[in-house]
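Order of the sequence lines fixes the chain letters, A, B, ..., with proteins taken first and strands second; residue numbering starts at 1 for each chain.
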Amino acid sequence: MPEGHTLHRLALDLSAAFAGTRPQVSSPQGRFAESAAIISGRPCSGAQAQGKHLWIEFEDHLLHIHLGLIGKFRIAPPAPPRGEIRVRIATPEVAADLSGPQLCVLRTPEEMAAQLAKLGPDPLRKDADPELAWARIHRSARPVAALLMDQTVLSGVGNVYRAEVLFRNRIGPHVEGRKLSRRSWDAIWNDLITLMPQGVVDNRIDTVRPEHTPEAMGRPPRVDDHGGEVYVYRRAGMDCLVCGSRVRTEVLDGRNLFWCGRCQRRS
DNA sequence: GCCTCATGTTGAT
DNA sequence: TCAACCTGAGGCT
């Protein structure tokens, strides 16, 4: 689930549920019990996100959450907890259950700011400065596919947006940052600031342009098993939706990379 | 029931 | 470069 759009959507949903309330905070599983007691019943002013980091504000106590690979937040009417629930935030009307977070700690505003200072610009934030990312990218020998996943270069982009934004702009994933053209970087950033806000609205990642949908291409409809319609992510060995050649995959920096070797030749 | 995998990050080798 | 971590879902026996 969690690339930047997921966290920004959660910040909106958590704010809608709890801003202006004094929710009860508990830890059904127990691992967050001590901290939960500190913030339970305090006024909540809302939640915010930057990159893949999320925090919920209880006066000067910030609940800092990183979902990692498997963390989930479920917001629903109160019901008995199911599974391993690290934290429940609840009013009589709604409960938010957090499971499997990689990080879940209380921080002061100063501590939180120090964490956020490590992050590169987030395409989902209006104050983001893409020049900061370009400055890192255009003097790096690392492949652009690796740079896009580096949260200190750019924050919020994960494996799906990485693969898809490179495909949509026909850029080879192995192009070194220093050999990436300014035109390509501008195209990547401009695409991200279109795709990612749409991901927040839809709460899923769709990247296939209308002219390339299976219907438009006269192919049978298909079902992606990860909730969105995409060009190459997790489509290894299948036909490229645009040129029909085999979608390729390899492990880069420990993560699965997907691309079309025919469509993606630009630098 | 057991194994593998996942839109992520960190810390040790 | 690799293993560990957090949890649940799906595929397999």
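Rounded to an integer number of Å, the gap from Gln115(A) CD to dT9(B) C1' is 12 Å. Per the geometry, CE belonging to Met149(A) stands 12 Å off C1' belonging to dA6(B), to the nearest Å. Distance, Ile85(A) CD1 to dT7(C) P: 10 Å, rounded to whole Å. Between Leu54(A) atom CG and dT7(B) atom C1' there is a gap of 16 Å when expressed in whole angstrom units. Separating the CG atom of Asp253(A) from the C1' atom of dA3(C) is a distance of 16 Å, rounded to the nearest angstrom. As rounded to whole Å, 13 Å separates atom P of dC2(C) from atom CG of Leu252(A). In this structure, CG of Leu67(A) is placed 14 Å from C1' of dG8(C), rounded to the nearest angstrom. Atom CD1 in Ile65(A) sits roughly 14 Å away from atom C1' in dC6(C) (whole-Å rounding).
For Arg255(A), a side-chain nitrogen or oxygen approaches OP1 or OP2 of dG8(B) to under 4.0 Å. Proximity of Arg204(A) to the phosphate of dT7(B): no side-chain N or O atom is located under 4.0 Å from OP1 or OP2. OP1 or OP2 of dT9(B) lies within a sub-4.0 Å distance of a side-chain N or O belonging to Lys52(A). In this model, the phosphate group of dT7(B) is approached by a side-chain N or O of Tyr233(A) to a distance below 4.0 Å at OP1 or OP2. OP1 or OP2 of dA6(B) lies within a sub-4.0 Å distance of a side-chain N or O belonging to Asn256(A). A close approach under 4.0 Å does occur between a side-chain nitrogen or oxygen of His66(A) and OP1 or OP2 of dT9(B). Distances shown here put every side-chain N or O of Gln102(A) at or beyond 4.0 Å from the OP1 or OP2 atom of dA4(C).
As judged by a 4.0 angstrom heavy-atom cut-off over every strand, Arg31(A) is placed among residues touching the sugar-phosphate backbone only. Nucleic acid contact class of Gly158(A) (heavy atoms, under 4.0 Å, all strands): sugar-phosphate only. Arg162(A) comes within contact range of no nucleotide atom at all, as no heavy-atom separation falls under 4.0 Å. Here Glu164(A) lies out of heavy-atom contact (under 4.0 Å) with every strand. If you check every strand for non-hydrogen atoms under 4.0 Å, Gly83(A) touches sugar and phosphate atoms only.
Using P as the reference atom, dC3(B) and dA4(C) are 15 Å apart when rounded to the nearest Å. Rounded to whole Å, the P atom of dT10(B) lies 23 Å from the corresponding atom of dG8(C). For the P atom pair drawn from dA9(C) and dT9(B), the interatomic distance equals 22 Å after rounding to whole Å. Remark: the separation of the P atoms in dC5(C) and dT13(B) is 13 Å, to the nearest Å. Across the P atoms, dT13(C) and dC5(B) are found 15 Å apart, a figure rounded to whole Å.
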For side-chain contact (heavy atoms from CB on, under 4.5 Å), just list the numbers for Leu106(A) and Phe32(A), CA-CA rounded to whole Å, side-chain angles, deciding distance to a tenth of an Å, and then say yes or no.
-> CA-CA 10 Å; Leu106(A) 291 183; Phe32(A) 192 70; 4.2 Å; yes
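If Ile70(A) and Gln151(A) are placed on DNA chain B by their nearest nucleotide, the residue sitting closer to the 5' end is Ile70(A).
The closest side-chain heavy-atom distance from Ile89(A) to Ile39(A) is not below 4.5 Å.
Checking Glu84(A) against Ser99(A) by side-chain atom types alone, no donor-acceptor pair falls below 3.5 Å. Side-chain contact annotation: Asp122(A) with His8(A), donor-acceptor N/O pair under 3.5 Å present.
For Glu84(A), the listed nucleotide lying nearest its side chain is dG8(C); candidates were dA6(B), dC6(C), dG8(C).
Between Asp97(A) and Arg74(A) there is no salt bridge, since no side-chain N of the basic residue sits under 4.0 Å from a carboxylate O of the acidic one. For Arg255(A) and Asp253(A), the salt-bridge test fails: no basic side-chain N is under 4.0 Å from an acidic carboxylate O. Ion pairing between Glu131(A) and Arg182(A) holds under the 4.0 Å rule for side-chain N and carboxylate O.
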